2 protein chains.
Amino acid sequence: MPRTYNEQKPTSGSRTLTDQAYLQLRSDIIHGELQPEEKLRIEHLREEYGVGASPLREALSRLTADGFVTAEGQRGFRVAPMSEADLADITRMRILLEKQALSQSIEHGDDAWESQIVATFYQLEKVEQSEERDQAEWEVRNHDFHEALIAACTSKWLRRFYGILYDQHKRYRNIALSTEIPRDLHQEHEALRNAALARDKQRACDAIEQHIMRTAEITLKVLREEEADRENEVDKVAAS
Amino acid sequence: MPRTYNEQKPTSGSRTLTDQAYLQLRSDIIHGELQPEEKLRIEHLREEYGVGASPLREALSRLTADGFVTAEGQRGFRVAPMSEADLADITRMRILLEKQALSQSIEHGDDAWESQIVATFYQLEKVEQSEERDQAEWEVRNHDFHEALIAACTSKWLRRFYGILYDQHKRYRNIALSTEIPRDLHQEHEALRNAALARDKQRACDAIEQHIMRTAEITLKVLREEEADRENEVDKVAAS
DNA sequence: TTTACAAAAAATATCGATAAAATTCTTGCA
DNA sequence: TGCAAGAATTTTATCGATATTTTTTGTAAA
(Lines give C-alpha, C1' and ligand atoms only; values in the text may rest on other atoms or scores of the structure.)
Protein backbone atom coordinates (compact mmCIF):
# COMPACT_ATOMS: atom_id res chain seq x y z
CA MET A 1 0.00 0.00 0.00
CA PRO A 2 1.50 3.32 -0.98
CA ARG A 3 1.54 5.46 2.09
CA THR A 4 1.12 9.19 2.36
CA TYR A 5 4.17 10.81 3.87
CA ASN A 6 2.80 14.29 3.87
CA GLU A 7 0.01 14.16 6.35
CA GLN A 8 -1.02 17.71 5.54
CA LYS A 9 -1.29 18.91 9.09
CA PRO A 10 -3.99 21.51 8.97
CA THR A 11 -2.60 23.07 12.15
CA SER A 12 0.19 24.85 10.32
CA GLY A 13 -0.78 27.14 7.50
CA SER A 14 2.58 26.66 5.80
CA ARG A 15 2.55 25.24 2.34
CA THR A 16 5.64 23.08 2.33
CA LEU A 17 7.41 21.07 4.99
CA THR A 18 10.47 23.15 4.35
CA ASP A 19 8.52 26.26 5.34
CA GLN A 20 7.25 24.58 8.47
CA ALA A 21 10.69 23.42 9.49
CA TYR A 22 12.09 26.85 8.75
CA LEU A 23 9.54 28.65 10.87
CA GLN A 24 9.81 26.23 13.75
CA LEU A 25 13.58 26.22 13.85
CA ARG A 26 13.61 29.97 13.55
CA SER A 27 11.22 30.38 16.42
CA ASP A 28 13.16 27.91 18.56
CA ILE A 29 16.37 29.81 17.97
CA ILE A 30 14.84 33.22 18.60
CA HIS A 31 13.29 32.00 21.80
CA GLY A 32 16.44 30.34 23.01
CA GLU A 33 15.11 26.80 22.95
CA LEU A 34 18.09 26.07 20.77
CA GLN A 35 21.13 27.50 22.49
CA PRO A 36 23.77 29.59 20.72
CA GLU A 37 26.55 27.47 19.22
CA GLU A 38 24.53 24.31 19.71
CA LYS A 39 25.17 21.67 17.11
CA LEU A 40 22.23 21.04 14.80
CA ARG A 41 22.43 17.40 13.83
CA ILE A 42 20.21 16.50 10.94
CA GLU A 43 19.50 13.02 12.22
CA HIS A 44 18.46 14.44 15.56
CA LEU A 45 16.34 17.22 14.10
CA ARG A 46 14.56 14.69 11.91
CA GLU A 47 13.02 13.06 14.93
CA GLU A 48 12.47 16.35 16.71
CA TYR A 49 10.65 18.04 13.85
CA GLY A 50 9.30 15.02 12.04
CA VAL A 51 10.61 15.86 8.57
CA GLY A 52 13.22 14.39 6.28
CA ALA A 53 16.75 15.53 5.66
CA SER A 54 16.06 17.48 2.49
CA PRO A 55 13.56 19.98 3.86
CA LEU A 56 15.66 20.32 6.99
CA ARG A 57 18.79 21.16 5.09
CA GLU A 58 16.89 23.67 3.00
CA ALA A 59 15.42 25.29 6.08
CA LEU A 60 18.86 25.48 7.64
CA SER A 61 20.23 27.09 4.50
CA ARG A 62 17.63 29.80 4.75
CA LEU A 63 18.39 30.32 8.40
CA THR A 64 22.04 30.66 7.52
CA ALA A 65 21.12 33.49 5.20
CA ASP A 66 19.19 35.12 8.04
CA GLY A 67 22.23 34.83 10.26
CA PHE A 68 20.56 32.50 12.74
CA VAL A 69 22.63 29.50 11.79
CA THR A 70 26.21 28.99 10.72
CA ALA A 71 27.24 26.33 8.24
CA GLU A 72 30.57 24.77 7.53
CA GLY A 73 31.00 22.46 4.58
CA GLN A 74 31.13 18.79 5.54
CA ARG A 75 30.75 19.82 9.19
CA GLY A 76 27.10 20.58 9.30
CA PHE A 77 25.19 23.36 10.97
CA ARG A 78 25.05 25.02 14.35
CA VAL A 79 23.08 27.78 15.98
CA ALA A 80 24.73 31.15 15.40
CA PRO A 81 26.69 32.43 18.40
CA MET A 82 25.73 35.49 20.38
CA SER A 83 28.06 38.11 21.78
CA GLU A 84 28.09 41.63 23.10
CA ALA A 85 30.07 42.71 20.07
CA ASP A 86 27.42 41.25 17.78
CA LEU A 87 24.64 43.01 19.65
CA ALA A 88 26.50 46.29 19.36
CA ASP A 89 26.99 45.69 15.66
CA ILE A 90 23.34 44.87 15.09
CA THR A 91 22.32 47.92 17.05
CA ARG A 92 24.50 50.29 15.08
CA MET A 93 23.33 48.88 11.79
CA ARG A 94 19.72 48.90 12.81
CA ILE A 95 19.98 52.57 13.68
CA LEU A 96 21.54 53.37 10.34
CA LEU A 97 18.93 51.47 8.35
CA GLU A 98 15.86 52.31 10.37
CA LYS A 99 16.68 56.01 10.23
CA GLN A 100 16.98 55.79 6.48
CA ALA A 101 13.78 53.78 6.13
CA LEU A 102 11.92 56.15 8.41
CA SER A 103 13.06 59.18 6.43
CA GLN A 104 11.91 57.67 3.16
CA SER A 105 8.68 56.63 4.75
CA ILE A 106 7.97 60.11 6.06
CA GLU A 107 8.66 61.44 2.61
CA HIS A 108 6.36 59.08 0.75
CA GLY A 109 3.75 58.13 3.33
CA ASP A 110 0.12 58.74 2.49
CA ASP A 111 -3.07 58.82 4.57
CA ALA A 112 -3.23 55.05 4.88
CA TRP A 113 0.31 55.09 6.23
CA GLU A 114 -0.62 57.65 8.88
CA SER A 115 -3.69 55.69 9.90
CA GLN A 116 -1.71 52.52 10.29
CA ILE A 117 0.77 54.27 12.58
CA VAL A 118 -2.02 55.60 14.74
CA ALA A 119 -3.72 52.21 14.85
CA THR A 120 -0.65 50.16 15.71
CA PHE A 121 0.49 52.71 18.26
CA TYR A 122 -2.86 52.47 19.95
CA GLN A 123 -2.62 48.69 20.18
CA LEU A 124 0.91 48.90 21.51
CA GLU A 125 -0.13 51.48 24.06
CA LYS A 126 -2.85 49.18 25.30
CA VAL A 127 -0.40 46.36 25.95
CA GLU A 128 2.13 48.67 27.55
CA GLN A 129 -0.38 50.06 29.99
CA SER A 130 -2.21 46.84 30.82
CA GLU A 131 -1.58 45.11 34.13
CA GLU A 132 -0.31 41.74 32.97
CA ARG A 133 2.36 42.82 30.52
CA ASP A 134 2.43 39.90 28.16
CA GLN A 135 5.89 39.69 26.62
CA ALA A 136 4.77 37.76 23.53
CA GLU A 137 1.88 40.12 22.89
CA TRP A 138 4.15 43.10 23.32
CA GLU A 139 6.64 41.65 20.84
CA VAL A 140 3.95 41.39 18.19
CA ARG A 141 2.54 44.86 18.80
CA ASN A 142 5.97 46.40 18.93
CA HIS A 143 6.85 44.79 15.64
CA ASP A 144 3.63 45.97 14.05
CA PHE A 145 4.27 49.52 15.16
CA HIS A 146 7.83 49.64 13.89
CA GLU A 147 6.70 48.02 10.68
CA ALA A 148 3.99 50.62 10.24
CA LEU A 149 6.48 53.43 10.70
CA ILE A 150 8.60 52.31 7.79
CA ALA A 151 5.77 50.86 5.71
CA ALA A 152 5.99 53.65 3.16
CA CYS A 153 9.70 53.14 2.57
CA THR A 154 10.10 52.39 -1.11
CA SER A 155 13.36 50.49 -1.00
CA LYS A 156 12.98 46.76 -1.29
CA TRP A 157 16.57 46.15 -0.18
CA LEU A 158 16.34 48.45 2.78
CA ARG A 159 13.29 46.63 4.00
CA ARG A 160 14.93 43.27 3.50
CA PHE A 161 18.04 44.16 5.47
CA TYR A 162 16.09 45.95 8.11
CA GLY A 163 13.89 42.90 8.59
CA ILE A 164 16.89 40.67 9.14
CA LEU A 165 18.34 43.02 11.73
CA TYR A 166 15.04 43.46 13.52
CA ASP A 167 14.74 39.71 13.97
CA GLN A 168 18.33 39.41 15.11
CA HIS A 169 17.71 42.09 17.68
CA LYS A 170 14.59 40.27 18.73
CA ARG A 171 16.61 37.19 19.53
CA TYR A 172 18.78 39.17 21.90
CA ARG A 173 15.75 40.74 23.54
CA ASN A 174 14.10 37.36 23.95
CA ILE A 175 17.14 35.65 25.35
CA ALA A 176 17.81 38.49 27.73
CA LEU A 177 14.39 39.57 28.86
CA SER A 178 12.63 36.25 28.58
CA THR A 179 10.10 36.86 31.31
CA GLU A 180 10.98 40.48 31.93
CA ILE A 181 8.49 43.27 31.41
CA PRO A 182 8.90 46.11 28.98
CA ARG A 183 9.67 49.40 30.72
CA ASP A 184 8.65 52.95 30.11
CA LEU A 185 9.43 52.76 26.44
CA HIS A 186 6.03 54.23 26.04
CA GLN A 187 7.14 57.84 25.92
CA GLU A 188 9.71 56.98 23.31
CA HIS A 189 7.10 55.30 21.16
CA GLU A 190 4.85 58.28 21.57
CA ALA A 191 7.57 60.72 20.58
CA LEU A 192 8.27 58.55 17.57
CA ARG A 193 4.66 58.51 16.52
CA ASN A 194 4.28 62.26 16.90
CA ALA A 195 7.42 63.05 14.96
CA ALA A 196 6.38 60.75 12.14
CA LEU A 197 2.88 62.18 11.90
CA ALA A 198 4.33 65.70 12.01
CA ARG A 199 6.55 64.61 9.08
CA ASP A 200 9.55 65.83 11.01
CA LYS A 201 12.38 63.65 9.70
CA GLN A 202 15.07 65.03 11.96
CA ARG A 203 13.04 64.60 15.12
CA ALA A 204 11.86 61.15 14.09
CA CYS A 205 15.39 60.01 13.34
CA ASP A 206 16.65 61.26 16.67
CA ALA A 207 13.79 59.53 18.41
CA ILE A 208 14.37 56.22 16.68
CA GLU A 209 18.09 56.35 17.38
CA GLN A 210 17.57 57.00 21.04
CA HIS A 211 14.88 54.35 21.21
CA ILE A 212 16.98 51.63 19.65
CA MET A 213 19.98 52.58 21.75
CA ARG A 214 17.95 52.39 24.95
CA THR A 215 16.46 49.01 24.08
CA ALA A 216 19.89 47.68 23.25
CA GLU A 217 21.38 49.04 26.47
CA ILE A 218 18.77 47.34 28.57
CA THR A 219 19.29 44.08 26.71
CA LEU A 220 23.03 44.38 27.15
CA LYS A 221 22.69 44.96 30.88
CA VAL A 222 20.54 41.87 31.38
CA LEU A 223 22.87 39.88 29.19
CA ARG A 224 25.82 40.86 31.39
CA GLU A 225 23.96 39.99 34.55
CA GLU A 226 23.13 36.57 33.18
CA GLU A 227 26.73 36.10 32.18
CA ALA A 228 27.85 37.03 35.70
CA ASP A 229 25.34 34.58 37.16
CA ARG A 230 26.62 31.82 34.97
CA GLU A 231 30.18 32.51 36.06
CA ASN A 232 29.12 32.45 39.68
CA GLU A 233 27.58 29.05 39.12
CA VAL A 234 30.80 27.80 37.59
CA ASP A 235 32.81 29.16 40.53
CA LYS A 236 30.51 27.50 43.01
CA VAL A 237 30.79 24.17 41.25
CA ALA A 238 34.55 24.54 41.05
CA ALA A 239 34.76 25.39 44.75
CA SER A 240 32.70 22.42 45.90
CA MET B 1 28.95 -3.36 -7.52
CA PRO B 2 28.47 -0.27 -5.40
CA ARG B 3 29.17 2.70 -7.57
CA THR B 4 30.70 6.01 -6.60
CA TYR B 5 28.38 8.91 -7.26
CA ASN B 6 30.74 11.62 -6.14
CA GLU B 7 33.47 11.52 -8.70
CA GLN B 8 35.49 14.11 -6.81
CA LYS B 9 36.29 16.34 -9.71
CA PRO B 10 39.65 17.84 -8.85
CA THR B 11 39.01 20.71 -11.24
CA SER B 12 36.78 22.58 -8.83
CA GLY B 13 38.20 23.42 -5.45
CA SER B 14 34.77 23.42 -3.81
CA ARG B 15 34.22 20.96 -1.07
CA THR B 16 30.62 19.94 -1.58
CA LEU B 17 28.48 19.56 -4.67
CA THR B 18 26.15 22.13 -3.19
CA ASP B 19 28.96 24.66 -3.17
CA GLN B 20 29.85 23.86 -6.75
CA ALA B 21 26.27 24.18 -7.92
CA TYR B 22 25.90 27.41 -5.97
CA LEU B 23 28.98 28.98 -7.50
CA GLN B 24 28.16 27.89 -11.02
CA LEU B 25 24.56 29.01 -10.90
CA ARG B 26 25.62 32.28 -9.34
CA SER B 27 28.16 32.92 -12.02
CA ASP B 28 25.71 32.01 -14.76
CA ILE B 29 23.16 34.43 -13.39
CA ILE B 30 25.65 37.26 -12.90
CA HIS B 31 26.94 36.82 -16.41
CA GLY B 32 23.51 36.65 -17.95
CA GLU B 33 23.75 33.07 -19.16
CA LEU B 34 20.58 32.54 -17.23
CA GLN B 35 18.17 35.30 -18.17
CA PRO B 36 16.16 37.32 -15.65
CA GLU B 37 12.81 35.71 -14.83
CA GLU B 38 13.87 32.46 -16.46
CA LYS B 39 12.36 29.39 -14.88
CA LEU B 40 14.87 27.20 -13.09
CA ARG B 41 13.58 23.66 -13.44
CA ILE B 42 15.27 21.25 -11.11
CA GLU B 43 14.99 18.36 -13.54
CA HIS B 44 16.59 20.45 -16.24
CA LEU B 45 19.34 21.83 -14.05
CA ARG B 46 20.19 18.32 -12.94
CA GLU B 47 21.35 17.43 -16.42
CA GLU B 48 22.94 20.81 -16.99
CA TYR B 49 25.01 20.84 -13.83
CA GLY B 50 25.31 17.14 -13.22
CA VAL B 51 24.11 17.08 -9.62
CA GLY B 52 21.05 15.75 -7.85
CA ALA B 53 17.99 17.58 -6.68
CA SER B 54 19.05 18.04 -3.08
CA PRO B 55 22.24 20.01 -3.63
CA LEU B 56 20.52 22.00 -6.34
CA ARG B 57 17.67 23.01 -4.11
CA GLU B 58 20.09 23.98 -1.40
CA ALA B 59 22.13 26.06 -3.82
CA LEU B 60 18.98 27.76 -5.04
CA SER B 61 17.99 28.52 -1.47
CA ARG B 62 21.27 30.28 -0.92
CA LEU B 63 20.88 32.22 -4.13
CA THR B 64 17.45 33.26 -3.00
CA ALA B 65 19.03 34.74 0.09
CA ASP B 66 21.49 36.62 -2.11
CA GLY B 67 18.61 37.98 -4.14
CA PHE B 68 19.66 36.26 -7.35
CA VAL B 69 16.77 33.86 -7.37
CA THR B 70 13.14 34.08 -6.35
CA ALA B 71 11.27 31.16 -4.88
CA GLU B 72 7.60 30.48 -4.57
CA GLY B 73 6.38 27.54 -2.54
CA GLN B 74 5.24 24.60 -4.68
CA ARG B 75 6.05 26.64 -7.78
CA GLY B 76 9.80 26.31 -7.82
CA PHE B 77 12.51 28.83 -8.55
CA ARG B 78 13.29 31.41 -11.18
CA VAL B 79 16.06 33.88 -11.86
CA ALA B 80 15.43 37.17 -10.08
CA PRO B 81 14.07 39.89 -12.36
CA MET B 82 15.98 43.05 -13.21
CA SER B 83 14.58 46.52 -13.52
CA GLU B 84 15.61 50.13 -13.54
CA ALA B 85 13.89 50.63 -10.23
CA ASP B 86 15.86 47.78 -8.73
CA LEU B 87 19.13 49.20 -10.02
CA ALA B 88 18.27 52.57 -8.53
CA ASP B 89 17.43 50.91 -5.24
CA ILE B 90 20.66 48.93 -5.17
CA THR B 91 22.63 52.04 -6.02
CA ARG B 92 21.11 54.11 -3.26
CA MET B 93 21.65 51.37 -0.71
CA ARG B 94 25.17 50.72 -1.84
CA ILE B 95 26.01 54.37 -1.40
CA LEU B 96 24.56 54.38 2.10
CA LEU B 97 26.43 51.26 3.17
CA GLU B 98 29.71 51.82 1.41
CA LYS B 99 29.98 55.33 2.86
CA GLN B 100 29.43 53.92 6.31
CA ALA B 101 31.90 51.08 5.79
CA LEU B 102 34.47 53.45 4.37
CA SER B 103 34.15 55.82 7.32
CA GLN B 104 34.64 53.02 9.80
CA SER B 105 37.51 51.71 7.79
CA ILE B 106 39.26 55.07 7.71
CA GLU B 107 38.80 55.28 11.45
CA HIS B 108 40.22 51.87 12.26
CA GLY B 109 42.58 51.17 9.38
CA ASP B 110 46.19 50.39 10.21
CA ASP B 111 49.37 50.23 8.14
CA ALA B 112 48.46 46.92 6.53
CA TRP B 113 45.14 48.44 5.46
CA GLU B 114 46.91 51.37 3.80
CA SER B 115 49.36 49.07 2.02
CA GLN B 116 46.56 46.94 0.69
CA ILE B 117 44.80 49.99 -0.75
CA VAL B 118 47.98 51.12 -2.46
CA ALA B 119 48.65 47.63 -3.82
CA THR B 120 45.15 46.97 -5.15
CA PHE B 121 44.93 50.45 -6.63
CA TYR B 122 48.16 49.87 -8.47
CA GLN B 123 46.85 46.63 -9.96
CA LEU B 124 43.60 48.27 -10.96
CA GLU B 125 45.47 51.16 -12.52
CA LYS B 126 47.48 48.73 -14.62
CA VAL B 127 44.35 47.14 -16.05
CA GLU B 128 42.69 50.48 -16.63
CA GLN B 129 45.61 51.83 -18.57
CA SER B 130 46.48 48.73 -20.55
CA GLU B 131 45.55 48.48 -24.20
CA GLU B 132 43.30 45.43 -24.20
CA ARG B 133 40.92 46.32 -21.39
CA ASP B 134 39.89 42.91 -20.21
CA GLN B 135 36.45 43.20 -18.66
CA ALA B 136 36.82 40.10 -16.47
CA GLU B 137 40.22 41.15 -15.22
CA TRP B 138 38.94 44.63 -14.47
CA GLU B 139 36.01 43.19 -12.51
CA VAL B 140 38.37 41.29 -10.26
CA ARG B 141 40.74 44.20 -9.72
CA ASN B 142 37.91 46.61 -9.14
CA HIS B 143 36.43 44.29 -6.56
CA ASP B 144 39.78 43.88 -4.82
CA PHE B 145 40.25 47.63 -4.62
CA HIS B 146 36.80 48.32 -3.21
CA GLU B 147 37.25 45.44 -0.80
CA ALA B 148 40.56 46.85 0.36
CA LEU B 149 39.02 50.25 1.02
CA ILE B 150 36.50 48.84 3.47
CA ALA B 151 38.70 46.03 4.77
CA ALA B 152 39.15 47.72 8.13
CA CYS B 153 35.43 48.12 8.70
CA THR B 154 34.64 46.33 11.92
CA SER B 155 30.98 45.59 11.34
CA LYS B 156 30.26 42.04 10.29
CA TRP B 157 26.71 42.90 9.23
CA LEU B 158 27.74 45.92 7.24
CA ARG B 159 30.19 43.82 5.31
CA ARG B 160 27.64 41.11 4.70
CA PHE B 161 25.02 43.48 3.33
CA TYR B 162 27.56 45.43 1.36
CA GLY B 163 28.80 42.21 -0.24
CA ILE B 164 25.32 41.29 -1.36
CA LEU B 165 24.75 44.69 -2.92
CA TYR B 166 28.12 44.76 -4.60
CA ASP B 167 27.36 41.47 -6.34
CA GLN B 168 23.91 42.62 -7.31
CA HIS B 169 25.39 45.71 -8.84
CA LYS B 170 27.91 43.55 -10.61
CA ARG B 171 25.14 41.64 -12.33
CA TYR B 172 23.75 44.84 -13.76
CA ARG B 173 27.18 45.93 -14.90
CA ASN B 174 27.80 42.58 -16.54
CA ILE B 175 24.48 42.40 -18.26
CA ALA B 176 24.75 45.95 -19.49
CA LEU B 177 28.40 46.34 -20.36
CA SER B 178 29.09 42.78 -21.33
CA THR B 179 31.85 43.52 -23.79
CA GLU B 180 32.08 47.24 -23.12
CA ILE B 181 35.23 48.85 -21.80
CA PRO B 182 35.55 50.68 -18.52
CA ARG B 183 35.84 54.42 -19.00
CA ASP B 184 37.81 57.09 -17.23
CA LEU B 185 36.81 55.86 -13.83
CA HIS B 186 40.47 56.06 -13.13
CA GLN B 187 40.45 59.56 -11.73
CA GLU B 188 37.60 58.64 -9.43
CA HIS B 189 39.50 55.66 -8.13
CA GLU B 190 42.54 57.81 -7.60
CA ALA B 191 40.58 60.45 -5.70
CA LEU B 192 39.13 57.67 -3.60
CA ARG B 193 42.52 56.25 -2.80
CA ASN B 194 43.98 59.62 -1.90
CA ALA B 195 41.10 60.58 0.35
CA ALA B 196 41.28 57.25 2.15
CA LEU B 197 45.02 57.45 2.69
CA ALA B 198 44.65 61.05 3.87
CA ARG B 199 42.06 59.73 6.36
CA ASP B 200 39.63 62.32 5.12
CA LYS B 201 36.24 60.74 5.75
CA GLN B 202 34.18 63.51 4.23
CA ARG B 203 36.16 63.63 1.03
CA ALA B 204 36.26 59.85 0.74
CA CYS B 205 32.50 59.58 1.24
CA ASP B 206 31.85 62.22 -1.39
CA ALA B 207 34.18 60.43 -3.76
CA ILE B 208 32.57 57.05 -3.24
CA GLU B 209 29.09 58.47 -3.67
CA GLN B 210 29.98 60.15 -6.91
CA HIS B 211 31.80 57.07 -8.11
CA ILE B 212 28.92 54.71 -7.47
CA MET B 213 26.44 57.15 -8.96
CA ARG B 214 28.50 57.47 -12.12
CA THR B 215 28.90 53.74 -12.54
CA ALA B 216 25.19 53.24 -12.05
CA GLU B 217 24.32 55.98 -14.52
CA ILE B 218 26.44 54.43 -17.21
CA THR B 219 24.92 51.04 -16.56
CA LEU B 220 21.45 52.51 -16.68
CA LYS B 221 22.13 54.20 -19.99
CA VAL B 222 23.33 51.00 -21.63
CA LEU B 223 20.41 49.13 -20.13
CA ARG B 224 17.99 51.59 -21.70
CA GLU B 225 19.66 51.37 -25.07
CA GLU B 226 19.40 47.60 -24.99
CA GLU B 227 15.78 47.85 -24.02
CA ALA B 228 15.14 50.20 -26.93
CA ASP B 229 16.90 47.81 -29.30
CA ARG B 230 14.77 44.94 -28.11
CA GLU B 231 11.62 46.93 -28.69
CA ASN B 232 12.77 47.80 -32.17
CA GLU B 233 13.22 44.11 -32.88
CA VAL B 234 9.73 43.39 -31.67
CA ASP B 235 8.30 46.17 -33.83
CA LYS B 236 10.11 44.85 -36.87
CA VAL B 237 8.79 41.35 -36.33
CA ALA B 238 5.30 42.64 -35.75
CA ALA B 239 5.44 44.71 -38.95
CA SER B 240 6.58 41.86 -41.16
C1' DT C 1 -14.81 30.26 -31.75
C1' DT C 2 -14.52 30.45 -27.07
C1' DT C 3 -15.04 28.32 -22.50
C1' DA C 4 -14.90 24.69 -19.18
C1' DC C 5 -13.52 20.71 -17.59
C1' DA C 6 -11.05 16.41 -17.31
C1' DA C 7 -7.22 13.58 -18.43
C1' DA C 8 -2.26 13.49 -19.25
C1' DA C 9 2.19 15.26 -18.64
C1' DA C 10 5.56 17.69 -16.18
C1' DA C 11 7.55 19.56 -12.17
C1' DT C 12 8.06 20.08 -7.21
C1' DA C 13 8.79 18.56 -2.68
C1' DT C 14 9.90 14.87 -0.10
C1' DC C 15 11.45 10.31 1.58
C1' DG C 16 14.52 6.39 2.59
C1' DA C 17 18.86 4.50 1.60
C1' DT C 18 23.94 4.95 1.12
C1' DA C 19 28.90 6.67 0.09
C1' DA C 20 32.15 9.74 1.94
C1' DA C 21 33.87 12.34 5.65
C1' DA C 22 34.49 13.42 10.35
C1' DT C 23 34.66 11.95 14.99
C1' DT C 24 35.20 8.80 18.70
C1' DC C 25 36.95 4.73 20.64
C1' DT C 26 40.45 0.89 21.01
C1' DT C 27 44.47 -1.03 21.41
C1' DG C 28 49.34 -1.95 20.86
C1' DC C 29 53.70 0.05 21.59
C1' DA C 30 57.53 3.21 23.44
C1' DT D 1 51.55 6.77 31.35
C1' DG D 2 51.20 8.89 27.07
C1' DC D 3 50.29 8.55 22.41
C1' DA D 4 49.69 7.23 17.66
C1' DA D 5 47.51 4.10 14.21
C1' DG D 6 43.63 2.34 12.80
C1' DA D 7 38.98 0.30 13.62
C1' DA D 8 34.21 1.36 14.76
C1' DT D 9 30.73 4.76 15.00
C1' DT D 10 28.38 8.79 13.96
C1' DT D 11 27.16 12.41 10.85
C1' DT D 12 27.00 14.76 6.52
C1' DA D 13 26.03 15.07 1.80
C1' DT D 14 24.00 12.95 -1.84
C1' DC D 15 21.28 9.93 -4.87
C1' DG D 16 17.23 7.63 -6.94
C1' DA D 17 12.47 6.88 -6.41
C1' DT D 18 7.69 8.58 -5.54
C1' DA D 19 3.43 11.24 -3.74
C1' DT D 20 1.45 15.65 -4.49
C1' DT D 21 0.82 19.79 -7.15
C1' DT D 22 0.85 22.51 -10.97
C1' DT D 23 0.68 23.07 -15.82
C1' DT D 24 -0.54 21.63 -20.31
C1' DT D 25 -3.33 19.40 -23.55
C1' DG D 26 -7.33 17.63 -25.57
C1' DT D 27 -12.17 17.54 -26.07
C1' DA D 28 -16.92 18.49 -25.70
C1' DA D 29 -20.59 21.81 -24.66
C1' DA D 30 -22.34 26.70 -25.17
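Given the structure is predicted, the values throughout are model-derived calculations rather than measurements. Numbers restart at 1 for each chain; the letters A, B, ... are given by sequence-line order, proteins then strands.
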Looking just at side-chain N and O atoms, do [X] and [Y] make a donor-acceptor pair shorter than 3.5 Å?
| X | Y | answer |
| --- | --- | --- |
| B/Y162 | B/E98 | yes |
| B/D19 | B/T16 | yes |
| A/D144 | A/T120 | no |

It should be established whether A/R46 places a side-chain nitrogen or oxygen under 4.0 Å from OP1 or OP2 of nucleotide C/dG16.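 Yes, A/R46 has a side-chain N/O under 4.0 Å of OP1/OP2 on C/dG16.
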Taking only N and O in the side chain of A/T16, is any of them less than 4.0 Å away from OP1 or OP2 of C/dT12?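 It does not, given that no N or O in the side chain of A/T16 lies less than 4.0 Å from OP1 or OP2 of C/dT12.
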Mind calculating the distance between [atom1] ([X]) and [atom2] ([N]) to the nearest angstrom?
| X | N | atom1 | atom2 | result |
| --- | --- | --- | --- | --- |
| A/R15 | D/dT21 | CZ | C1' | 9 Å |
| B/L60 | C/dA11 | CG | P | 15 Å |
| B/E58 | D/dA13 | CD | C1' | 8 Å |
| A/L56 | D/dT14 | CG | P | 16 Å |

Does NZ or CZ of B/R160 lie under 6.0 Å from the centre of the six-membered ring of B/W157, at an angle within 45° of the ring axis?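 Yes.
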Aromatic rings A/Y166 and A/H143: how do their planes relate, parallel, tilted or perpendicular, breaks at 30° and 60°?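 Rings of A/Y166 and A/H143: perpendicular, over 60°.
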Under 3.5 Å, side chain of A/R159 to main-chain N/O of A/A151, donor-acceptor pair present?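 A pair under 3.5 Å: yes.
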Report each atom pair, protein N/O against N/O of nucleotides 9-12 of chain D, whose distance is under 3.5 angstrom.
unit_1 : atom_1 : unit_2 : atom_2 : d
D/dT11 : OP1    : A/R41  : NE     : 3.2
D/dT12 : OP1    : A/K39  : NZ     : 3.0
D/dT12 : OP2    : A/I42  : N      : 3.2

